[in-house]
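Everything below concerns the one structure shown next.
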Amino acid sequence: MPLISVLAKMEMRGISLDTDILKDLSLRAGEELEVLSDEIYRLSGENFNINSPKQLGEILFEKLKLPGGSKTKTGYSTSSNVLEPLKDHYRIVSLVLDYREINKLKTTYLDVLPGLIDTFTGKLHTSFNQMITSTGRLSSSNPNLQNIPVRTEFGKLIRKAFKPSSEENILFATDYSQIELRILAHYSDSERLIKAFQDGRDIHSETARDIFELPSDAVIDSSMRRIAKTVNFGILYGISDFGLSRNLGIDRKEAKKYIESYFFKFPGVKDYIDRVILEARKNGYVTTISGRKRHLNRISDRNMNIRKGEERIAVNAPIQGSAADIIKLAMIQIDREIDDRKLKTGMVLQVHDELIFDIFPGEFDTVCRIVKTHMEKACKLGVPLIVEFKKGIDWYHMESFQVL
DNA sequence: CGATCACGC
DNA sequence: GCGTGATCG
């Protein structure tokens, strides 16, 4: 059951892009960048290239003597992880972060996407690559439509330009809820994790209760939930205290406490991690739910950094790769049923755990059922697979709804 | 062309 | 953990 024809159809179908919206946003971004750069130059007492990490580092950490200091071999690190903690104390840092964000959006999306519209079809056609990633995920390029901004409000506005193929059509988006953590629950057979998913609980709040040792009815504030969410992601990525401390902006010792506390509360997860690493050492590879292999030739390397890196891959690859397997199966089955029923609705994008459709008038309810069924039944795990639904007149104005 | 940075999951 | 892409030097 090949996926390739599904991808080919998605690529050929393309997606409609309203270039007027992007042109307007680009203009606004340009004006904002002008204001920001003028102010950055004024505060630093000279003009320089803000886009050059080297020049920026010298201005911030040598000329203005901001605390923080060096990091990389090429000089000072100016990554958002370094700048973020400084932004409330130094206005220039806050301006630089704003500049970075807007400049990124302008140069990567606003000014590029309009030029990639196919002159013949009038649409944007990405390439979905099946042979690139080491885990079995797809990748998308020219343009990459798997990294369209969603996090910041200005970035999210870009999604207003992505529209269905006609005024009558509707964009429909479905995504797997916490698929990777559910796969972890499945593989680890962790009682706590499985119970939480079976009861339909908020998994990050649940984790917060566990690692902070709070009663089950305790109210979880946003900062505790944020920490728990980062810990959960860390677990999926094969976590190190170093990585977690960097992500949370705390010291390693504290990060280590969170991890230990997590493993104490979720012993099944700890066992799974140990098990999959042993499996990798024995076989030289790990596998996904459908049997895809990820080879790990350096899992027993003498160099600890290399070894630990391979171990993180051994933990993450089966989880990330199984999620990719599952959504691919769903895509094939959805495509077949849409085809069998001679519907005009088409799949337009896949974003790892998410599918986006261009729905034709009159087909809405049918397509919702088809997509829900095939996504939720693509694979039987020890926990339910849950899919969430949104619809809208463009990729920005998406409203959640239930499919019964 | 490697390094750095930032966007997504 | 997995990607793509812009920019610098």
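Residue numbers begin at 1 in each chain, while the letters A, B, ... track the order of the sequences. In this text, all values refer to a predicted model and were calculated from it rather than measured experimentally.
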[X] side chain near [N] phosphate (N/O to OP1/OP2, under 4.0 Å):
| X | N | value |
| --- | --- | --- |
| A/T74 | C/dG9 | no |
| A/T78 | B/dT4 | no |
| A/R151 | B/dG8 | yes |
| A/T133 | C/dT4 | no |
| A/R137 | C/dC2 | no |
| A/R294 | C/dC2 | yes |
| A/S52 | C/dG9 | yes |
| A/N316 | C/dC2 | no |
| A/T108 | C/dG5 | no |

How many Å lie between [atom1] on [X] and [atom2] on [N], as a whole number?
| X | N | atom1 | atom2 | result |
| --- | --- | --- | --- | --- |
| A/I148 | C/dA6 | CD1 | P | 12 Å |
| A/Y76 | C/dC8 | OH | P | 21 Å |
| A/L105 | B/dA6 | CG | C1' | 9 Å |
| A/L56 | C/dT7 | CG | P | 16 Å |
| A/N142 | C/dG3 | CG | P | 17 Å |
| A/I179 | B/dC9 | CD1 | P | 14 Å |
| A/F233 | C/dG1 | CZ | P | 15 Å |
| A/L236 | C/dG3 | CG | P | 16 Å |

Side chain proximity check, [X] to [Y], heavy atoms < 4.5 angstrom:
| X | Y | value |
| --- | --- | --- |
| A/L105 | A/P149 | yes |
| A/V371 | A/V387 | no |
| A/R28 | A/L157 | yes |

Given [options], which nucleotide is nearest the side-chain atoms of [X]?
| X | options | result |
| --- | --- | --- |
| A/P53 | B/dC5, C/dG1, C/dG3 | B/dC5 |
| A/E354 | C/dT4, B/dC9, C/dC8 | B/dC9 |
| A/N49 | C/dC8, B/dG8, B/dC7 | C/dC8 |
| A/S141 | C/dC2, B/dC9, C/dG5 | C/dG5 |
| A/N144 | C/dG3, B/dA6, C/dC2 | C/dG3 |

Among side-chain atoms of A/D221 and A/S223, is any donor-acceptor pair under 3.5 angstrom?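 Result is yes, a qualifying pair exists.
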For the residue pair A/S134 / A/R294, report whether a side-chain donor-acceptor contact shorter than 3.5 Å exists.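 Note: A/R294 and A/S134 side chains meet the donor-acceptor criterion.
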Using a heavy-atom cut-off of under 4.0 Å over every strand shown, decide if [X] touches base, sugar-phosphate, or nothing.
| X | answer |
| --- | --- |
| A/Q146 | sugar-phosphate |
| A/L138 | nothing |
| A/Q55 | sugar-phosphate |
| A/V315 | nothing |
| A/I313 | sugar-phosphate |

Quick one: sort the A/F48 and A/Y41 rings into parallel, tilted or perpendicular, breaks at 30° and 60°.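 Geometry flag for A/Y41 against A/F48: perpendicular rings.
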So, A/R341 and A/E363, do they make that salt bridge, N to O below 4.0 Å?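 Salt bridge absent between A/R341 and A/E363.
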